[in-house]
Amino acid sequence: QVQLVESGGGSVQAGGSLRLSCAASGDTSTKHYKAWFRQAPGKEREGVAAINNYNGAAYYDDSVKGRFTISQDSAQRTVYLQINSLKPEDSAIYYCAATGAYWPGRWNDLSGFRYWGQGTQVTVSS
């Protein structure tokens, strides 16, 4: 089992930055992908960034490329999402998620993610 707890959300003005953290407990080293998703009111949950736990490759949605950076510590216990140049459309609840040991699908396919955190709110004002 894996437990995920997000933190770091808040209210910022457009152009600002936040660093989200996801603290993982349990067997975190054998999870293929760890990712950040977000869900705005009335919209579907979407993937914004993911990291391949086995080779370190990072993946980003086109809407956040160049502004968001996903990383994790060497112990693979904490996953970070550095968010720069925030826009009002980035406002959402941000969720941390992890797949099982092997996921052959796309990095942003929700059906592959077995473990989810409770989410952290990000609000960006113009």
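Quick caveat, the model's predicted, so the values are computed rather than measured.
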Side-chain heavy-atom pair [X], [Y] within 4.5 angstrom cut-off:
X: Gln3; Y: Val5; answer: no
X: Leu4; Y: Val2; answer: yes
X: Tyr115; Y: Lys31; answer: yes
X: Thr69; Y: Tyr80; answer: no
X: Val64; Y: Ile83; answer: no
X: Glu6; Y: Leu20; answer: no
X: Val122; Y: Leu18; answer: yes

Does [X] reach the main-chain N or O of [Y] with its side chain, forming a donor-acceptor pair under 3.5 Å?
X: Gln82; Y: Arg19; value: no
X: Arg45; Y: Gln39; value: no
X: Asp90; Y: Lys87; value: yes
X: Lys34; Y: Gln76; value: yes
X: Ser17; Y: Asn84; value: no

| said: Just checking Arg77: does its CZ atom have more than 12 heavy atoms from other residues, nucleotides or ligands closer to it than 6.0 angstrom? | reply: yes
Decide if atom CD of Gln118 counts as having more than 12 heavy atoms of other residues, nucleotides or ligands within a radius under 6.0 Å.
yes
Single-linkage hydrophobic cluster [X]~[Y], side-chain heavy atoms < 4.5 angstrom:
X: Trp116; Y: Ile93; answer: yes
X: Tyr94; Y: Phe37; answer: no
X: Val48; Y: Ile51; answer: yes

Practice problem: Show your working on side chain to side chain donor-acceptor pair (under 3.5 Å) between Ser125 and Gln13 and close with a plain yes or no. | Solution: CA-CA 5 Å; Ser125 58; Gln13 290 191 328; 4.9 Å; no
Does the pair Phe68 and Asp61 meet the rule for a side chain to side chain contact (heavy atoms under 4.5 Å, CB included), with working shown?
-> CA-CA 9 Å; Phe68 289 21; Asp61 184 77; over 6 Å; no
- Message: Both conditions, 6.0 Å and 45 degrees, for the charged tip of Arg114 above the ring of Trp103: are they met here?
- Response: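 Checked: cation-pi criterion not met.
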Open item on the list: Does the structure place the NZ or CZ of Arg38 under 6.0 Å from the centre of the six-membered ring of Tyr95, at an angle of no more than 45° from the ring's axis?
Closed with: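 Pair Arg38/Tyr95 does not count as cation-pi.
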Which heavy atom in [X] sits nearest to a heavy atom in [Y], and how many Å separate them?
X: Leu81; Y: Ala49; value: CD1-CB, 4.0 Å
X: Ser21; Y: Trp36; value: O-CH2, 3.6 Å
X: Ala40; Y: Ala92; value: N-CB, 3.8 Å
X: Ala50; Y: Ala35; value: CB-CB, 3.6 Å

Measuring from [X]:[atom1] to [Y]:[atom2], what's the distance to the nearest 0.5 Å?
X: Thr99; Y: Trp107; atom1: OG1; atom2: CH2; result: 13.0 Å
X: Ser91; Y: Gln121; atom1: OG; atom2: CD; result: 7.5 Å
X: Cys22; Y: Gln72; atom1: SG; atom2: CD; result: 10.0 Å

In terms of relative ring orientation, are Phe113 and Tyr33 parallel, tilted or perpendicular, with 30° and 60° separating the classes?
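Because their plane-to-plane angle lies in the 30° to 60° range, the rings of Phe113 and Tyr33 count as tilted.
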- Task: Give a yes or no on whether a salt bridge exists between Lys65 and Asp62, defined as a side-chain N under 4.0 angstrom from a carboxylate O.
- Result: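 Salt bridge present between Lys65 and Asp62.
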